[in-house]
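Chain letters run A, B, ... following the sequence lines, proteins first and then strands; every chain starts at 1. Owing to the predicted nature of the structure, the values given are computational and were not obtained by experimental measurement.
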Amino acid sequence: MHGVVNWAVHFFMLDEGPLIWLSDFLIICASLGILAVLTKFRLWKWLWDEWLTTVDHKKIGIMYMIAAILMLFRGGTDGLLMRAQLAWPNMHFLNADHYDQIFTTHGTIMILFMAMPAIIGFFNVAVPLQIGCRDVAFPYLNAISFWLFFFAALLFNLSFVVGGSPDGGWTSYPPYVENQFDPGPGENYYLVALSITGIGTIATGINFLVTILRMRAPGMTFMRLPMFTWSVFVTSVIILFAFPVLAVALALLLIDRDFGSHFFTVDGGGAPMQYVNLFWFWGHPEVYIVILPAFGIFSEVISTFSHKRIFGYSAMVVSMVAIAILSFITWVHHFFTMGAGPGVNSFFGVSTMAIAIPTGVKVFNWLFTMHKGRIEFKTAMLWAIGFIPNFLIGGLTGVMLAVPPADYQYHNSYFLIAHFHYVLIGGTVFGVFAGLYYWWPKMFGVLLNEKLGRWHFWTFMIGFNVCFFPQFFLGFMGMTRRMYTYPAGYGWGVVNLISTIGAFLMGVGFIILVYNILWSARYGERDVTGDPWDGRTLEWATTSPAPHYNFAIIPTVKGRDAWWLMKQNGESINGPKGVPFRPIHMPNNSGRPFIMSLFFFILGAGFVFQWWILAIIGFVGVLVCMAQRSFEYDDSHYIPVEEIEKTEAAAGRL
Amino acid sequence: MKPKGRRVGGLIALIGFTVLALTGCDSPKYWPVLSPQGPVARSEYYLIIYSFILMLLVVLAVFILFFWVIIKYRARPDNADYVPPEIEGNAKLETLWTVIPILVVIALAIPTVAVTYKLVYPPKVEAATAKVVGKSITIDVISEQWKWVFKYPAQNIETVNYVNIPAGVPVDFELTSSGPMNTFWVPALGGMEFTMPHMNLKLWLEADHPGSYLGRSAQYSGRGFANMTFTVNALSPTDFENWVKSVQQTAPKLTQQAAAQINKPGLIGKLTFSSTTPE
Amino acid sequence: MSNAHTAVHGEHHPVDPNVPLEYQGEENSLRVIGFWLFLAQDMILFSSLFATYIVMHGRVAGGPTSQELFDVTGFTIETIALLFSSFTCGLATYEMRRGHRDAMIGWILVTMALGLVFLGFEVTEFIHNVGEGATLQRSGFLSAFYILVGTHGSHVTVGLLWVTLLIFQLLRRGITPVTARKVFLWSIYWHFLDAVWIFIFTVVYLTGKVI
């Protein structure tokens, strides 16, 4: 009995101090609160019918966005804890073990459970509407992608209070993360959760490739695609080629840890560098996976709020394709300092610098889109405008990092940290915020408040610069990443303190965003037109939020910026008057994606704790779900004409 | 647009700091990367400054264009009727801003490749034969959890968490690890290189003159990583000879016990031994 | 079928006699292209495993080398069985195009039998190796060998389970555009596994016997 209690105390990490107790308390309170609200307001059926079983791309997009904002909170809290610990020399707010876990979860969550779902959320929200179709190519698979991500994120976050979080860094280099040096379930959580969400991401890549290849409205040729859709297309290709490599890297490391093989171990002929190669063969394209859709969002936003079509459309497309190709031949620049030899380092150094060329083309084309325009500084546009100088600093320090001999000095220093936060926050996070303000009315039918939006922008943008600009100096001062504390006397203290103040200012910005969301839900301006920004692409042609079937009649596209053209020519989205509606064929909802992903979660937990019975239960559950699906022939329905007429009449489109 | 000015201010501050670092007292201590104390760090430093100036030119050009555009073409009440023209693109302009980045990349790539190849060889080298002019010294470096072991094979001595080198002499650090990866970094003397198990990577460093420099691991390797620092003491060649002799004569031999202690995960102070294989 | 795109042009397409059944309707053509993309990512997955195997090949850590381990008779029979199964799988598709359900099922059963022979030999080889101490845990080379060949083997297993389900559907529903498409996708998958095996045969077994 005593033994069991001891085991449980350790397993649930009750011996780890107040931080864990507080987290436990908050998690239990939040869970009970959610259960109570759902029960009190009798929302269980609504939750199941409308959300958990949905295959509608718009709802899946919304769920991705909510998850991304929650994960931004989690990852941001990790970041603030780290900044608090580093604010001054010799701090003992966190110990080394806790700090190591927190920087690992910060990086992993921000890249894979924040940036990815936010980006994929926008895929879902915008792409089918932009190309004028009614859903993605494989709606059922789309739901599976989301729930796999969801349960992977749940599993990963559980590690904080059950068994301990991974502590090998988000890059998780062996041999440190092998059992020999890093025993316990923590690292398994990382490997299993990323594998599960990775499967979902590959499915998303395939789904959107087929959607864009085959489901464009008549007349929407490739060179008429909206820029965001183009960026999703290119990104999906990168996903398809990069993510399987990550899957292999993670699987091999997990097999090392769970079954004692010798892929990346110190002994037994292991080759740790093979992991590093596989990881970055995915890892470098991954940063383009999260930045290219942000570029797409900026293109849409800049063009819309300058009231001008995008400048140099073909060059924008070509440069995006060029970036995608180059992204696969630069991975070695993440380890110039691993002795690859001068020929290899020179090649990868120059190929990395070459990415600056297509990126430069894009920046100038954005500037010339605004040139001669009439620039409206709505919040979405503020983020797009703030992106250009901030991303420029990130990009150009990236070019500095591409110089191998200089990289010998920057590698793993705070110069690097500052660089990639300028790129990832200045690029991806600004892009996500721009997208949120831009597409919020399309998602919810409500505009976010502009005044609060400006406060959000300025606090976050200033905080971001105060936080990360000083870190360039810290790099030159010799401070390296992942140090949990540092002694006085190096002159790092003041610089770190400034950085920490900036970080908390970013936290304030985030709180303003959340307040804005809550405020606008209640008091925000309703979007009755469906086209609040005088938009140019087809998503603005339909109601906000769009009806279940998106378009009553599939529009015929006559040129680039299709909706803008229709407005110029005084055409209706439903085509000439009097064309009768026909029943619309739509997929049925299904609870199986949710249940199957739940079995994946069980399977994953089995691999984390090496409880093989659990793993077998999960595995069999997944197989049974797949077999059931194979026998499912009746999985769609028709929306009757009367219902379409009613909806269209209410939208004033009859 | 206030913050843009602040950002330009930041860049000016960076230049100011750099100048301060170069002229100020004790700059090697506070700004080791920007105050190189040896030929390797110096060639890296020149590349850093060169690339920084190139990038600064790009930043200034884009910032000027950027502010001009967003100020001149902002929506104002008095231009409410203005209908922006639909411009497809401009082949000449687009060619221009494709070619200029290519030229910038070429301007950066040439010295980059040259220095990348140069750093493979020891700092003082006969160009024709790639052989060291004069003397050089080899030191084997092993990263343990979480300490640094330095073995001098020719002198048959071993130090832990500090390393003495002769100033003005190229040092061939042969890097390896007993377990997790680390990187060996002495920013004042030059850039870093990984230590990996069952691999031997070479890093040439040299100190111009006697002095004491801080080194550390820059690759996270577990709980004690933040404490994984060491001191590099550059001594005048005669002082170095004397130090070697005195270690050989006075320091204890490396015992099995001491070797096991070093190999065990944990932190440890500075140690000196007069042999490199435990007995 | 769960999708909305058939609605793009209003309704289901009528059967077009010039187009094979499995491509009839937009639903089917979407699934076929999606499945090719799935195979593309599977190819990347195998490429990564091959790259890892090549890196690990010499890392035997004092354990058995590929020359000592591989049994020529065993892997030759495996290869013949799998290559032949690809041929019979093609015959099944041929009979499907001709609308002969029972002949089609017959050839699928032959394909499955050959797949089982292949798996049987593979499992026997693994068990034999383990008996000699050549386990997954013995060396980096063996880890890479088991995982690369085993990943292929598990793909074959999934293929067998999958087509078992399809046989029931064929028996119940006959050859329709939907069942034809399902069998067609399975057959692409099966041929793909054959192509992967050719690489395993040359890169792992033949090369491993020589160096």
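Only the backbone of A:Ser306 comes within contact range of chain B, judged by heavy atoms closer than 4.5 Å. For B:Met228, no part lies under 4.5 angstrom from a heavy atom of chain A. Using a 4.5 Å cut-off between heavy atoms, B:Met181 touches chain A through backbone and side chain atoms alike. Heavy atoms of B:Leu93 lying under 4.5 Å from chain A belong exclusively to its side chain. Interface residue B:Glu94: only side-chain heavy atoms are found under 4.5 Å from chain A. Only the side chain of B:Leu201 comes within contact range of chain A, with at least one heavy atom under 4.5 Å from a heavy atom of that chain. Contacts of B:Pro84 with chain A are made by both backbone and side-chain atoms, with heavy-atom separations under 4.5 Å. Interface residue A:Leu392: only side-chain heavy atoms are found under 4.5 Å from chain B. If you measure heavy-atom distances from B:Leu119 to chain A, the contacts under 4.5 Å come from the side chain alone. Of the atoms belonging to A:Val495, not a single heavy atom falls under 4.5 Å from chain B. If you measure heavy-atom distances from A:Asp407 to chain B, you find no contacts under 4.5 Å at all. For a residue to count as touching a neighbouring chain, one of its non-hydrogen atoms must lie under 4.5 Å from one of that chain's; by this rule A:Trp366 does not touch chain B. Neither the backbone nor the side chain of A:Pro358 comes within contact range of chain B; no heavy atoms are under 4.5 Å apart. With a 4.5 Å cut-off on non-hydrogen atoms, B:Ala91 does not touch chain A at all. Contacts of B:Arg76 with chain A are made by backbone atoms alone, with heavy-atom separations under 4.5 Å and no side-chain atom involved. Both the backbone and the side chain of B:Val105 come within less than 4.5 Å of a heavy atom of chain A. For chain A, the nearby part of B:Leu214 is the side chain; its heavy atoms alone come within less than 4.5 Å. Contact of B:Ser217 with chain A is made through the backbone alone, with heavy-atom distances under 4.5 Å. Within the 4.5 angstrom heavy-atom criterion, only backbone atoms of B:Ser221 (N, CA, C, O) approach chain A.
Here the OG1-CG distance, from B:Thr112 to A:Asn345, works out to 11.5 Å after rounding to the nearest 0.5 Å. With values rounded to the nearest 0.5 angstrom, A:Leu401 atom CG is found 9.5 Å from B:Ile48 atom CD1. The distance from the CD1 atom of B:Ile70 to the CE atom of A:Met381 is 9.0 Å, given to the nearest 0.5 Å. Atoms CD and CG, on B:Glu86 and A:Leu565 in that order, are 8.5 Å from each other to the nearest 0.5 Å. Within the model, atoms OG1 of A:Thr337 and CH2 of B:Trp185 stand 11.0 Å from one another, a figure rounded to the nearest 0.5 Å. To the nearest 0.5 Å, atom OG of residue A:Ser346 and atom OH of residue B:Tyr117 are 5.0 Å apart.
For chain A, the option among B:Gln145, B:Lys118, B:Lys72 with the highest count of heavy-atom pairs below 4.5 Å is B:Gln145. Counting heavy-atom pairs closer than 4.5 Å to chain B, the top residue among A:Gly168, A:Gly491, A:Gly478, A:Ser319 is A:Gly478. Heavy-atom pairs under 4.5 Å with chain B peak, among A:Leu396, A:Asp267, A:Ile388, A:Asp561, at A:Leu396. Between chain A and the options B:Glu88, B:Met196, B:Arg74, the largest number of non-hydrogen pairs under 4.5 Å is found for B:Glu88. Considering only heavy-atom pairs separated by less than 4.5 Å from chain B, the leading option among A:Phe368, A:Tyr313, A:Phe347, A:Tyr486 is A:Phe368. Here A:His411 is the residue among A:Met370, A:His411, A:Met479 with the most heavy-atom pairs under 4.5 Å with chain B. The greatest number of non-hydrogen atom pairs below 4.5 Å with chain B, out of A:Asp167, A:Thr359, A:Val363, is found for A:Asp167. Interface remark: of the candidates B:Ala109, B:Ala75, B:Gly222, B:Ala75 forms the most heavy-atom pairs closer than 4.5 Å to chain A. Counting heavy-atom pairs closer than 4.5 Å to chain B, the top residue among A:Met483, A:Arg482, A:Met400, A:Met338 is A:Met338. Per-residue heavy-atom pair counts under 4.5 Å with chain A were compared for B:Thr195, B:Leu108, B:Thr183, and the maximum is reached by B:Leu108. Annotation: maximal heavy-atom pairing with chain A below 4.5 Å, among B:Val113, B:Ile106, B:Thr229, B:Leu203, occurs at B:Val113. Counting heavy-atom pairs under 4.5 Å between each of B:Ser178, B:Gly224, B:Pro187, B:Ala188 and chain A puts B:Pro187 at the top.
Taking every heavy atom of both residues into account, A:Pro175 and B:Pro197 meet most closely at CG-CG, 3.9 Å.
Ring geometry, B:Trp97 versus A:Phe311: the interplanar angle falls from 30° to 60°, so the pair is classed tilted. Classified by interplanar angle (parallel below 30°, tilted 30° to 60°, perpendicular above 60°), the ring pair B:Trp68/A:His371 is tilted.
Under a 4.0 Å N-O distance rule, the pair A:Asp97/B:Arg223 qualifies as a salt bridge.
Distance alone, capped at 3.5 Å, is enough to place a donor-acceptor pair between the A:Arg374 side chain and the B:Asn79 backbone. When atom types are taken as modelled, the side chain of B:Tyr82 and the backbone of A:Lys372 share a donor-acceptor pair closer than 3.5 angstrom. Distance alone, capped at 3.5 Å, is enough to place a donor-acceptor pair between the B:Glu193 side chain and the A:Gly339 backbone. The backbone N or O of A:Val266 lies less than 3.5 Å from a partner atom in the side chain of B:His198, making a donor-acceptor pair.
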Using side-chain contact (heavy atoms from CB on, under 4.5 Å), reason through A:Thr397 and B:Met55 one step at a time and then give a plain yes or no. CA-CA 8 Å; A:Thr397 49; B:Met55 294 305 118; over 6 Å; no
Could you go through B:Phe66 and A:Ile385, starting from their C-alpha distance and side-chain angles, then the distance that decides it, and tell me whether this counts as side-chain contact (heavy atoms from CB on, under 4.5 Å)? CA-CA 9 Å; B:Phe66 174 75; A:Ile385 290 197; 3.4 Å; yes
Please report the C-alpha distance between B:Phe194 and A:Met273 in whole Å, then the side-chain angles of each, then the deciding distance to 0.1 Å, and finally whether the side-chain contact (heavy atoms from CB on, under 4.5 Å) criterion is met. CA-CA 11 Å; B:Phe194 265 85; A:Met273 258 203 84; over 6 Å; no
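Here the options are A:Tyr173, A:Phe181, A:Phe103, A:Tyr99, the test is ring-ring contact (aromatic ring centres under 6.0 Å, His included), and the partner is B:Tyr220; only A:Phe103 passes.
Between A:Pro405 and B:Ser43 there is no side-chain heavy-atom pair separated by less than 4.5 Å. At a threshold of 4.5 Å between non-hydrogen side-chain atoms, the residues B:Phe225 and A:Tyr484 do not count as touching. The side-chain heavy atoms of B:Val33 and A:Tyr410, taken from C-beta on, include no pair separated by under 4.5 Å.
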